[in-house]
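First the structure, in the form of structure tokens, and then the observations on it.
All chains are named by letter (A, B, ...) in the order of the sequence lines, taking the proteins before the strands, and each is independently numbered beginning at 1.
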Number of protein chains: 2
Amino acid sequence: MGNLAIIADDHIQFRPHQYLAREADRPEFVYRIEEGWACRFRLLNDGRRQITALFLPGDYCEPQWVLGHRPAQPIVALTNVRASCIPCASIGNRPFDQQRRLWSALAHALDRQSDWLVTLGRRTALERIAHLLCEIFERLSRSGLTYGQQCAMPLTQMDMADLTGLTPVHVNRTLQSMRSAALIELQSRWLRIPDLSALRQAACLAPA
Amino acid sequence: MGNLAIIADDHIQFRPHQYLAREADRPEFVYRIEEGWACRFRLLNDGRRQITALFLPGDYCEPQWVLGHRPAQPIVALTNVRASCIPCASIGNRPFDQQRRLWSALAHALDRQSDWLVTLGRRTALERIAHLLCEIFERLSRSGLTYGQQCAMPLTQMDMADLTGLTPVHVNRTLQSMRSAALIELQSRWLRIPDLSALRQAACLAPA
DNA sequence: CGAATCGTTGAGCGAGGTCAAGAAAAGTGG
DNA sequence: CCACTTTTCTTGACCTCGCTCAACGATTCG
């Protein structure tokens with residue numbers, strides 16, 4: 001709230017920890033993330049937290065809002081975020097193609113979530129983190145945001161814990177063991193994956 | 001395949017363990033489940049299995065198929081299933097209202113999955129099973145398929161394990177402890193919930 | 001009635017959690 | 001640029017929830 005800056009008619013910016021949407025809001029806009037990372041999450045009453053979606057540049061947040069659906073879970077910026085705004089109300093008048101792109105994005109979000117259900121239900125700590133890093137790298141890659149074998153990694157180990165259903169302490173230990181197995185290089189918010197297919201295999205993911 | 005019986009132009013039946021859809025199929029129809037239970041799942045190469053969605057009477061399976069999306073995970077009948085068929089091709093010509101109902105169903109599926117991510121990532125065994133039983137009861141209730149405090153429960157303990165990310169053995173032990181805590185009565189494929197709000201609380205769910 | 005499938009129980013173990021403390025980075029303000 | 005604070009990362013010791021393995025009843029079904 002408060003100090004969010006609208007920098008143009010159809011663009012908006014958020015700082016880390018600012019909410020893009022709160023539970024039970026009725027959002028006016030669907031956002032298309034242009035820059036920065038955000039996440040959807042839920043907090044249980046005793047403080048346990050689980051992140052249920054990661055929004056990266058190019059993602060829509062969230063297509064179902066055009067139907068008048070209210071967010072079931074809050075969405076918060078993890079970094080500085082710049083997004084373009086698609087007014088929910090106008091959707092009927094929009095080109096068929098844009099509508100279709102929105103529903104298609106919704107379907108992909110569902111598929112990604114199904115994959116995460118498998119990970120949280122059945123994968124080990126190392127497999128979970130490998131899955132996370134593969135997914136981030138490959139999604140960024142599709143948006144041209146990787147540089148050779150490297151990409152940005154603004155997540156803290158606590159964020160990773162809340163994504164993978166682990167504790168920060170165990171994320172730390174698991175990252176160490178992945179480093180010493182040469183699966184990843186990770187330092188100062190920057191990730192390098194020397195062998196992506198090896199990491200996919202460690203994640204128990206099907207070969208690309 | 002083989003012995004699936006089309007009982008009318010726009011209805012279809014499946015027996016337990018028959019596939020409603022396989023990975024990489026291009027489905028001709030979206031199904032609306034009229035009777036019976038089905039699930040979507042994924043199998044890892046070493047046999048670990050996770051169920052990622054449960055389809056109950058009244059559910060659409062799966063709305064995104066009208067976009068030409070292929071199933072990322074197979075869908076299989078858990079009981080005898082009767083479903084009506086909505087041809088994917090015809091969707092453009094259908095009443096706006098039916099299209100909207102389909103996207104709305106997709107959005108609800110996404111919300112349910114987000115809730116399950118929280119459960120698999122952060123809840124204990126007892127909370128997971130309590131969540132599962134609450135969700136089933138409440139969804140059946142909305143379709144008028146509950147009888148007082150009771151409803152059908154065709155899932156085996158192994159199905160429950162694959163839904164909750166636990167082992168069948170631990171599901172068994174957890175169910176025992178829920179029985180002795182008087183949270184549930186469960187026998188011969190039939191569930192009774194003496195106090196739904198107590199069960200919701202045990203599941204760490206927000207009060208209805 | 002025989003064969004699967006499903007449910008139940010016990011004993012032992014291990015992956016990941018908890019608690020706690022200190023080191024290293026990263027902001028913040030002067 | 002430098003103190004100072006806060007956040008993040010790292011490590012150790014210990015513990016527990018849920019898993020594994022195995023055997024045996026109980027149901028269900030052909």
Side-chain angles (χ1 to χ4, degrees), chain A residues 15-17 37 44 46-50 76-80 119-132 152-181 184-191 202 204, chain B residues 3 15-17 37 44 46-50 76-80 119-133 152-181 184-191 202 204:
Chain A
R15 338 206 85 248
H17 305 118
W37 297 24
L44 300 183
D46 59 357
R48 283 175 287 178
R49 183 176 120 120
Q50 178 67 39
V76 74
L78 292 166
T79 66
N80 285 319
T119 291
L120 294 183
R122 294 302 186 195
R123 285 195 238 257
T124 65
L126 193 145
E127 290 165 349
R128 293 180 197 201
I129 294 182
H131 180 186
L132 177 65
M153 234 331 284
L155 300 178
T156 66
Q157 292 183 3
M158 187 162 163
D159 294 330
M160 293 189 223
D162 290 339
L163 277 155
T164 55
L166 301 167
T167 54
V169 172
H170 200 63
V171 167
N172 184 288
R173 292 193 227 270
T174 306
L175 285 174
Q176 311 267 356
S177 86
M178 293 174 76
R179 280 191 263 248
S180 58
I184 57 168
E185 290 164 38
L186 178 58
Q187 53 190 302
S188 50
R189 319 274 109 142
W190 205 253
L191 170 67
C204 227
Chain B
N3 52 347
R15 338 207 84 246
H17 306 119
W37 296 25
L44 300 183
D46 59 357
R48 284 175 286 178
R49 182 176 123 122
Q50 178 66 42
V76 73
L78 292 166
T79 67
N80 285 318
T119 291
L120 294 183
R122 293 302 185 196
R123 285 197 238 256
T124 66
L126 194 145
E127 289 164 350
R128 293 180 197 202
I129 295 181
H131 179 185
L132 177 65
L133 299 180
M153 216 6 259
L155 299 177
T156 66
Q157 292 184 359
M158 186 163 165
D159 294 331
M160 293 190 222
D162 289 339
L163 278 156
T164 54
L166 301 167
T167 53
V169 171
H170 200 63
V171 167
N172 184 290
R173 292 193 227 270
T174 306
L175 285 174
Q176 310 268 354
S177 87
M178 293 174 74
R179 282 191 262 248
S180 58
I184 57 167
E185 291 163 36
L186 178 57
Q187 53 190 305
S188 48
R189 321 272 108 142
W190 205 251
L191 170 66
C204 228

Can you measure [X] atom [atom1] to [N] atom [atom2] for me and round it to whole angstrom units?
{"X": "Gln157(B)", "N": "dT27(D)", "atom1": "CD", "atom2": "P", "result": "13 Å"}
{"X": "His170(B)", "N": "dC21(D)", "atom1": "NE2", "atom2": "P", "result": "17 Å"}
{"X": "Asn172(A)", "N": "dT8(D)", "atom1": "CG", "atom2": "C1'", "result": "10 Å"}
{"X": "Asp46(B)", "N": "dC19(D)", "atom1": "CG", "atom2": "P", "result": "15 Å"}
{"X": "Met160(A)", "N": "dT10(D)", "atom1": "CE", "atom2": "P", "result": "10 Å"}
{"X": "Gln176(A)", "N": "dT11(D)", "atom1": "CD", "atom2": "C1'", "result": "9 Å"}
{"X": "Met158(A)", "N": "dT10(D)", "atom1": "CE", "atom2": "C1'", "result": "16 Å"}
{"X": "Trp190(B)", "N": "dT27(D)", "atom1": "CH2", "atom2": "C1'", "result": "18 Å"}

First and last nucleotide of DNA chain C, 5' to 3', lying under 4.0 Å from heavy atoms of chain A: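 Span of nucleotides near chain A: dG16(C) to dC19(C).
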To the nearest 0.5 Å, what is the distance between [atom1] ([X]) and [atom2] ([Y])?
{"X": "Arg48(A)", "Y": "Thr167(A)", "atom1": "CZ", "atom2": "OG1", "answer": "13.5 Å"}
{"X": "Leu132(B)", "Y": "Glu127(B)", "atom1": "CG", "atom2": "CD", "answer": "13.5 Å"}
{"X": "Glu185(B)", "Y": "Gln187(B)", "atom1": "CD", "atom2": "CD", "answer": "7.0 Å"}
{"X": "Leu175(B)", "Y": "Ile129(B)", "atom1": "CG", "atom2": "CD1", "answer": "4.5 Å"}

[Y] and [X], any side-chain heavy atoms less than 4.5 Å apart:
{"X": "Met158(B)", "Y": "Leu163(B)", "value": "no"}
{"X": "Arg122(B)", "Y": "Cys204(B)", "value": "no"}
{"X": "Thr174(A)", "Y": "Thr164(A)", "value": "no"}
{"X": "Ile184(B)", "Y": "Arg179(B)", "value": "yes"}
{"X": "Asp162(B)", "Y": "Gln50(B)", "value": "no"}
{"X": "Leu126(B)", "Y": "His131(B)", "value": "no"}
{"X": "Asp159(A)", "Y": "Arg49(A)", "value": "yes"}

Of His17(B) and Arg122(B), the one whose closest DNA chain C nucleotide lies more 5':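 The 5'-side residue here is His17(B).
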Comparing Arg189(A) and Arg179(B) on DNA chain C - which has the more 5′ nearest nucleotide: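 Its nucleotide being nearer the 5' end, the pick is Arg179(B).
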What pairs of nitrogen or oxygen atoms, one from the protein and one from nucleotides 12-15 of chain D, lie under 3.5 Å apart?
residue, atom, partner, partner atom, Å
dG12(D), N7, Arg173(A), NH1, 3.3
dG12(D), O6, Arg173(A), NH2, 3.2
dA13(D), N6, Arg173(A), NH2, 3.1

Using a cut-off of 4.0 Å on non-hydrogen atoms, how would the nucleic acid contact of [X] be classed: base, sugar-phosphate, or nothing?
{"X": "Thr174(B)", "answer": "nothing"}
{"X": "Ser188(B)", "answer": "nothing"}
{"X": "Arg128(A)", "answer": "nothing"}
{"X": "Arg123(B)", "answer": "nothing"}

Inter-end axis angle, the helix from dC1(C)-dG30(D) to dG30(C)-dC1(D), with every axis fitted to five base pairs (rounded, 10 degrees):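 Helix axis angle between the two ends: 70°.
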Side chain Arg123(A), main chain Arg128(A), donor-acceptor under 3.5 Å: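 Pair absent, no side-chain N/O of Arg123(A) close to backbone of Arg128(A).
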